[in-house]
Protein chains: 2
Amino acid sequence: MALEIKDILKKNKLSVTGSREKILSLFLNHEGALSHGDIEKKAGEKFDRVTVYRTLQTFLEKGIIHAIPTADNSIRYALCKDDCTEGHHHDHHIHFLCMHCHNTYCLDDIVTPEIKLPDGYVADQIDVLVEGVCKNCKASVTK
Amino acid sequence: MALEIKDILKKNKLSVTGSREKILSLFLNHEGALSHGDIEKKAGEKFDRVTVYRTLQTFLEKGIIHAIPTADNSIRYALCKDDCTEGHHHDHHIHFLCMHCHNTYCLDDIVTPEIKLPDGYVADQIDVLVEGVCKNCKASVTK
DNA sequence: TACAAAAAGGCAACATTGTTGCAAAATGTG
DNA sequence: CACATTTTGCAACAATGTTGCCTTTTTGTA
Ligand SMILES: [Mn+2]
Ligand SMILES: [Mn+2]
Ligand SMILES: [Zn+2]
Ligand SMILES: [Zn+2]
């Protein structure tokens, strides 16, 4: 596992540093997306806030993670599964926000649908956000 | 027009005040969504920042406006066209973010598609964000 | 219209979040 | 190990969002 992390960094031509390894491991060991705040808390007092910002920025640019829009001013980030490269993502899955556990999940098997736009509009990227109750919470809340 | 604004406020059991009239008129006279920052700038030095926050919050709760998620940590707001009520919105349209003019449009005629979720997931609301080039920009950028 | 109660606004103080420049430390390469 | 390059931590700052409290405005009613 520790090896896998270093490999991901090297594959992306990034030097292997403590903060990058730590933050990447957080993503690898957490189902669901993480916000900047989540990472800051989970990484503990080990790293500076600025380092977290810069690391996320770097991971984004390299296509290691992708940003997930939300309506509450708190971007979430998640690992890219496909072969995303610098500046070009191939994430055509939808995102699910659980209102109960507040986790954000990448539903990698659900492909974003085609959208027929009005004349003149050209689509470049489509994000689908579904809000509801996730599988786990549904099971635990069963009446 | 000035009458229409007062009517909207009264219909929602809100007292008619200068800031509410002003902010509501900004929405009525602007195609596309507005962020908190946009409103602060457009409203000029006339109102306190806190008043803008509180007014948007009130409009949201009353279902006068709805929030549009983005991937850049800046919520946009737009008028609700349908009969949205306190706590319950009926916005099933998609949102278009123009990468050129940076406007956000409600495409009221495009209905959000059905999404088939994995077993166990229950959807409550679906947001579709399309990023690309809008009608106006497409026309002006034609080569 | 005058009045009292209720609601909203302005202000100040504060908290949180994000950005920048720079010097110190760590990393990769030979 | 030495050196050039990259990354980090820190400090200072900017931007954004929140709260409490007092004043002003609005509203319903007499
Ligand atoms: Mn995802
Ligand atoms: Mn809309
Ligand atoms: Zn859940
Ligand atoms: Zn445009």
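For clarity, every value in this text was computed on a predicted model and none was experimentally measured. By convention in this document, chain letters (A, B, ...) are assigned in the order of the sequence lines, proteins followed by strands, and residues within each chain are numbered from 1. Reckoned from all heavy atoms, side chains included, excluding hydrogens, waters and symmetry mates.
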I need the [atom1]-[atom2] distance between [X] and [N], as an integer number of Å.
X       : N      : atom1 : atom2 : answer
B/Asp48 : C/dC11 : CG    : P     : 6 Å
B/Glu61 : C/dA8  : CD    : P     : 11 Å
B/Gln57 : C/dA7  : CD    : C1'   : 16 Å
A/Lys13 : D/dT5  : NZ    : C1'   : 17 Å
B/Asn12 : C/dA8  : CG    : P     : 12 Å
B/Lys62 : C/dA8  : NZ    : C1'   : 14 Å
B/Phe47 : D/dT25 : CZ    : P     : 13 Å
A/Leu56 : C/dT17 : CG    : P     : 14 Å

- Task: With sequence neighbours left out, write down each residue that passes ring pair (Phe, Tyr, Trp, His ring centres under 6.0 Å) with A/Tyr121, or none if nothing qualifies.
- Result: B/Phe96
May I ask you to decide if [Y]'s main-chain N or O and [X]'s side chain share a donor-acceptor pair within less than 3.5 Å?
X       : Y       : answer
B/Asn73 : A/Ile75 : yes
B/His66 : B/Tyr77 : no
B/Arg20 : B/Thr55 : no

- Mind checking B/Thr58 for me? I need base, sugar-phosphate or nothing, with any heavy atom below 4.0 Å counting as a touch. nothing
- Looking only at non-hydrogen atoms, find the nearest pair between B/Ile39 and B/Val52 and report the distance. CG2-CG1, 3.8 Å
Does a donor on one side chain and an acceptor on the other come within less than 3.5 Å for [X] and [Y]?
X        : Y       : result
A/His95  : A/His93 : yes
A/Thr51  : A/Asp48 : no
B/Thr104 : B/Arg76 : yes

- Item | CA sep, side-chain torsions, deciding dist, call: A/His36, A/Tyr53, ring-ring contact (aromatic ring centres under 6.0 Å, His included) | CA-CA 7 Å; A/His36 171 93; A/Tyr53 281 112; 3.8 Å; yes
Would you list the protein and nucleotides 26-30 of chain C atom pairs, both N or O, that sit under 3.5 Å from each other?
unit_1	atom_1	unit_2	atom_2	d
C/dG28	OP1	A/Val16	N	2.9

Which atom pairs link the protein and nucleotides 12-22 of chain D when you take only N or O atoms and keep those under 3.5 Å?
unit_1	atom_1	unit_2	atom_2	d
D/dG17	OP1	A/Asn73	ND2	2.7
D/dG17	OP2	B/Tyr53	OH	2.7
D/dG17	O5'	B/Tyr53	OH	3.3
D/dG17	N7	B/Arg49	NH1	3.4
D/dG17	N7	B/Arg49	NH2	2.8
D/dG17	O6	B/Arg49	NH2	3.2

